[in-house]
Amino acid sequence: MRIDVVSLFPEFVAQCAGFGVVGRAVERGLLSIHGTNPRDFAEGNYRRVDDRPFGGGPGMVMLVDPLRRALASARASGDGPARVVYLSPQGARLDQAGVRRLSSLPRLVLLCGRYEGVDERLVRAEVDEEVSIGDYVLSGGELPAAVLIDAIARLQSGALNDAESAAQDSFEDGLLDCPHYTRPVEHEFGAVPDVLLSGDHARIARWRWMQALGRTADRRPDLFAGRTLSKTDIALLREYQEGAVA
Ligand SMILES: Nc1nonc1C(=O)NCC1CCCCC1
């Protein structure tokens, strides 16, 4: 998968490609990440990429044409069509299903805004979808782009080792993750649940699923919307809520 990032700070996003799962996906040729700077496509002595907003108000707005030319250059740098995603608080909220959908595409171009935003005419003419990573305002789209790249990289086949893919699975089913423990067994902060020391894999899997259901019910009941719980799920949830000791 090829991802082009259009950003005034392309080196920022490139840095994220150098570590961990993303870095490994790039090393393994599962993912390539390329930066394009709209300033390289700006005209005039000052190579302007922004200007004052019509209608007044604070801040600056990114100009259409440098972005348009940068997007055209990014598209032309790879093979085949590319979906253009603009990271902004006005976008559809990103979730794992959305990450799965975007990770299945051969190419993406991520548009990272700065200042007060991008001239709406560019958004309407060039952007296929706006995506938000959450209801808060950052200084630019680069961190959201890095978040999306990380989530996409994890879904590239071959990017994760067994342990990491297990962690991925725990979120893939749309529930919150179960709690995790490691050495020591006894600690002043508490002990490891006996079930995890039992060696009984079926019992451990049952406990972990119960914990995922229970924590989701406690912390993010909204994740159950549109989901039909099986009779087993309902029984496990009741067991969790009755404070069952594993
Ligand atoms: N939240 C977000 N989710 O995705 N992007 C977000 C963001 O806060 N982006 C910064 C803004 C800053 C002004 C220009 C447009 C991007």
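In what follows, residues are counted from 1 in the order of the sequence shown. The figures that follow rest on heavy atoms only: side chains count, while hydrogens, waters and symmetry mates do not. Just follow the structure's listing: the first ligand is 1, and inside any ligand the first atom is 1.
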Short N or O distance, [X] and ligand 1, threshold 3.5 Å exclusive:
X	result
Gly141	no
Gly134	yes
Tyr136	yes
Ile133	yes

To which protein heavy atom is [atom] closest, and what is the distance rounded to 0.1 Å?
atom	answer
atom 14 (C) of ligand 1	Gly117 CA, 3.5 Å
atom 13 (C) of ligand 1	Tyr115 O, 3.2 Å
atom 4 (O) of ligand 1	Ser88 N, 3.4 Å
atom 9 (N) of ligand 1	Gly140 O, 3.7 Å
atom 16 (C) of ligand 1	Leu87 O, 3.8 Å
atom 15 (C) of ligand 1	Tyr86 OH, 3.4 Å

Between Glu43 and Arg48, does any side-chain N to carboxylate O distance fall below 4.0 Å?
no
Is any side-chain N of the basic residue among Asp79 and Arg2 closer than 4.0 Å to the acidic one's carboxylate O?
no
Would you check if [X] and [Y] make a side-chain contact, meaning some heavy-atom pair closer than 4.5 Å?
X	Y	answer
Tyr115	Leu8	yes
Leu63	Arg68	no
Pro221	Thr216	no
Leu94	Ser132	no
Ile152	Leu102	yes

Heavy-atom count around Arg52 CZ within 6.0 Å, excluding the residue itself: above 12?
no
Check Ser132 against ligand 1 and report side chain, backbone, both or neither, counting heavy atoms closer than 4.0 Å.
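Ser132 to ligand 1: contacts from backbone and side chain alike.
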If you count the atoms of ligand 1 from 1 in the order shown, which ones are under 4.0 Å from a heavy atom of [X]?
X	result
Val131	4 (O)
Val137	8 (O)
Pro144	4 (O), 5 (N), 6 (C)

Is it true that a side-chain atom of Arg215 and a backbone atom of Asp177 form a donor plus acceptor pair closer than 3.5 Å?
yes
Of the non-hydrogen atoms in Pro53 and Pro58, which two are nearest, and what is the gap between them?
CG-O, 4.0 Å
Are any of the heavy atoms in Leu94 under 4.0 Å away from ligand 1?
no
Closest by any non-hydrogen atom to atom 10 (C) of ligand 1: pick that one out of Leu138, Leu111, Val118, Leu143.
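Heavy atom nearest to atom 10 (C) of ligand 1 belongs to Leu138.
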